[in-house]
Amino acid sequence: MAAVWRGGGGGAATAAATALRRVVAVRLTPIGARSRSSESEKRSGFAAAYEQHSDLLEKPQLGDRTVSTQNVKSFSSLLRHSPLMQMGPAKDKVVIGNIFHVVGDDLYIDFGGKFHCVCRRPTVDGVKYQRGARVRLKLVDLELTSRFLGAKTDTTLLEAEAALLGLLDTKDSKQRE
């Protein structure tokens, strides 16, 4: 290759030879070693922030307390012991919900699932089903999804399906009557 670059004729060959000399002239330092010029210069930006916070990787402390690895649980353990997994299949479970929105005869009820459910206001004692009332629900499905013809993925309605069982009878409501 050196014979081609020494050959005489073009500006491109001369420029390539000059670039090669510059690459060879660069002083290589091992990873982690700092040159004298970089130590004397004040770091800024990401490098300064990294140096300032790199001690957090070395010290397992939060303030004055040390982090105990005995109390740390894995995600799979937390998920396995969560109330959602302990509940089992949601079909036919009776839950308590709260009416948070009313539009005409539609009651929007939050029961603590991923999505709320929409139920029709009953004709009997329909006046009692107001915003803030606590109701009993029988879950049918936690998420209404369907795959349309020709689709490769399911489409969700962002709602759950439940049957309204009635108002929640509490001791306070019975004493008021």
Side-chain angles (χ1 to χ4, degrees), residues 31-32 34 38 42-177:
I31 296 175
R34 296 181 183 150
S38 66
K42 188 171 183 172
R43 295 188 186 268
S44 64
F46 177 76
Y50 181 78
E51 283 183 3
Q52 184 179 6
H53 297 291
S54 63
D55 61 335
L56 294 176
L57 297 173
E58 299 166 3
K59 298 177 187 176
Q61 294 181 359
L62 293 174
D64 295 335
R65 299 180 297 168
T66 59
V67 177
S68 172
T69 57
Q70 295 172 351
N71 295 335
V72 176
K73 294 183 179 179
S74 67
F75 176 77
S76 61
S77 174
L78 291 172
L79 183 64
R80 187 171 44 253
H81 298 314
S82 71
L84 181 66
M85 294 296 139
Q86 295 296 318
M87 182 177 79
K91 187 169 176 65
D92 297 331
K93 297 283 183 185
V94 177
V95 296
I96 297 171
N98 185 21
I99 299 174
F100 69 92
H101 191 63
V102 178
V103 176
D105 284 340
D106 292 333
L107 306 173
Y108 291 79
I109 304 168
D110 180 24
F111 60 91
K114 183 177 179 182
F115 300 111
H116 62 273
C117 67
V118 181
C119 298
R120 285 295 220 187
R121 184 192 308 252
T123 55
V124 179
D125 290 335
V127 179
K128 293 182 180 179
Y129 293 88
Q130 297 297 324
R131 187 172 179 233
R134 293 178 54 147
V135 294
R136 293 183 314 122
L137 301 167
K138 185 175 182 180
L139 294 179
V140 177
D141 194 4
L142 286 178
E143 183 176 2
L144 289 174
T145 60
S146 180
R147 184 167 295 176
F148 291 102
L149 187 64
K152 294 180 181 170
T153 59
D154 289 341
T155 302
T156 180
L157 293 178
L158 303 176
E159 289 181 3
E161 186 176 5
L164 184 63
L165 297 178
L167 289 169
L168 180 66
D169 294 328
T170 60
K171 294 177 184 177
D172 294 336
S173 65
K174 289 180 181 178
Q175 290 174 357
R176 288 179 194 164
E177 294 174 355

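These numbers come from a predicted model, not from an experiment. Heavy atoms only: backbone and side chains are in, while hydrogens, waters and symmetry mates are out.
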Inset, instruction - Report the C-alpha separation of H116 and E159 in whole Å, then their side-chain angles, then the decisive distance to 0.1 Å, and conclude whether the side chain to side chain contact (heavy atoms under 4.5 Å, CB included) test is met. - result: CA-CA 5 Å; H116 62 273; E159 289 181 3; 4.2 Å; yes
Inset, instruction - Looking only at non-hydrogen atoms, find the nearest pair between A163 and V140 and report the distance. - result: N-CG2, 4.4 Å
Legend entry - Gap between atom SG of C119 and atom OH of Y108 - 0.5 Å precision: 11.0 Å
Legend entry - Separation between CZ of R147 and OG1 of T153, rounded to the nearest 0.5 Å: 7.0 Å
Legend entry - Sub-4.5 Å side-chain heavy-atom contact between D141 and F115: no
Legend entry - Any I109 side-chain heavy atom under 4.5 Å of L164 side chain: yes
Legend entry - Basic-acidic side-chain contact under 4.0 Å: D106, R120: yes
Inset, instruction - Hey, could you give me the CG/NZ distance between L137 and K93, rounded to the nearest 0.5 Å? - result: 15.0 Å
Inset, instruction - Please report the closest heavy-atom contact between L79 and S82, naming both atoms and the distance. - result: O-OG, 2.8 Å
Legend entry - E161 CD to K138 NZ distance, which is reported to the nearest 0.5 Å: 12.0 Å
Legend entry - Nearest heavy-atom neighbours spanning C117 and A162: SG-CB, 4.0 Å
Legend entry - Polar side-chain atom of E51 near backbone of F46 as donor-acceptor pair, under 3.5 Å: no
Legend entry - Check: N98 main-chain N/O paired with R134 side-chain donor or acceptor under 3.5 Å: no
Inset, instruction - Kindly indicate whether the side chain of L167, heavy atoms from C-beta on, has any atom under 4.5 Å from the side chain of Y129. - result: yes
Legend entry - Working for side chain to side chain contact (heavy atoms under 4.5 Å, CB included), residues Q130 and R121: CA-CA 10 Å; Q130 297 297 324; R121 184 192 308 252; 3.6 Å; yes
Inset, instruction - Supply the atom-to-atom distance T156 OG1 to E143 CD, rounded to the nearest 0.5 angstrom. - result: 4.0 Å
Legend entry - Spatial distance of atom OG (S76) from atom NE2 (H81) [nearest 0.5 Å]: 9.0 Å
Inset, instruction - Quick one: closest heavy-atom pair of L139 and L142, and the distance? - result: CD1-CD2, 4.0 Å
